[in-house]
2 protein chains.
Amino acid sequence: MGASKTDHFTDQQNQIAIIAKALGHPARIAIIEYLLKVNACICSDIVDELPLAQPTVSQHLKELKNAGLIKGNIEGNSICYCINEKTFDLLKEYFSKIIFTVTNQKCC
Amino acid sequence: MGASKTDHFTDQQNQIAIIAKALGHPARIAIIEYLLKVNACICSDIVDELPLAQPTVSQHLKELKNAGLIKGNIEGNSICYCINEKTFDLLKEYFSKIIFTVTNQKCC
DNA sequence: AAATAATATCGTAATATTGCGATATTAAAA
DNA sequence: TTTTAATATCGCAATATTACGATATTATTT
């Protein structure tokens, strides 16, 4: 196969997986970190920053946007991409909950 | 292509991406949540719990282990898999830092 | 020792991802 | 209005992931 059986999992499980998957590529992590560094941003800057061609960067940006990790605002003929804090909050909360649960249990 | 150019990114970027990628599948999220729920755990339980065949589950467990998200201790002829808190801490810290940085800047 | 149980590995088919050249699209600039 | 600049989309080749049946491995049980 190759396709994952998303129907069999809960909405939350699928949602977390989608977000995590979007972060599962070093180029996309680098994009996030660059957006943080420069605050406001246009895509052409990122193309110069990354060792990837423009269409590839554009594709990575699209995936980050689909996962809700970044927002894109059109500004003239360029686009201002920036971090969508809410999604990162969601992730942080999720991991905090996991850590809290693990800390209160002993195993292995 | 299909292979990502990991050489061009920092070690930390690659590390975060590897961990995130391992979490980028609902079955693996479900495994993590199940490990949390039952505290100690053997793999056959997970096979019963998930809508996936035993070899598939084994493969997902391997990926979680490779990414450092779970630890596996051999116990007789079964294996006790459990959460590796350290890696989740690392993730939480990483996201906390991102959120802190975003909160202190304004954009879009 | 043979049978059983739990898990891992191999091989392979189906599908997804990655990367990029070529080509659109769209808005500002000349 | 033509040119230029920024970005997106298409199409395709290379590679990776997902899933699982068949089979191997290893430890317990009988």
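Side chains included, hydrogens not; waters and symmetry mates left out as well; all remaining heavy atoms used. In the text below, chain A, chain B and the rest are named by the order of the sequence lines, each starting its count at 1.
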Original post:
Who are the side chain to side chain donor-acceptor pair (under 3.5 Å) partners of A:E49, not counting sequence neighbours?
Top reply: none

Original post:
For the pair made of CG in B:L52 and P in D:dT17, what is the distance, rounded to whole Å?
Top reply: 17 Å

Original post:
Any side-chain heavy-atom pair from A:I16 and B:L23 closer than 4.5 angstrom?
Top reply: no

Subject >> For atom CD1 of A:I31 and atom P of C:dG19, their distance in whole Å >> reply: 10 Å

Original post:
Would you say A:Y81 and A:L64 make side-chain contact, with heavy atoms under 4.5 Å?
Top reply: no

Subject >> Annotated protein contacts, base or backbone, on nucleotides 2-12 of chain D with a non-hydrogen cut-off under 4.0 Å, one of B, S, - each >> reply: ---BSBBB---

Original post:
Is the closest side-chain heavy-atom distance between B:I83 and B:F88 below 4.5 Å?
Top reply: yes

**OP:** When you get a sec, tell me which of D:dG21, D:dT18, C:dT18 is the closest nucleotide to the side chain of B:R28?
**Re:** D:dT18

Original post:
Is A:F95 reachable from B:I99 through a run of I, L, V, M, F, W or Y residues, each pair having side-chain heavy atoms under 4.5 Å apart?
Top reply: yes

**OP:** Report the distance from atom NE2 of A:H60 to atom C1' of C:dG19, rounded to the nearest whole Å.
**Re:** 8 Å

Subject >> Pairwise side-chain contact, A:V38 with A:D45, heavy-atom cut-off 4.5 Å (strictly under) >> reply: no

Original post:
Which whole-number value in Å describes the distance from A:K21 NZ to C:dT15 P?
Top reply: 15 Å

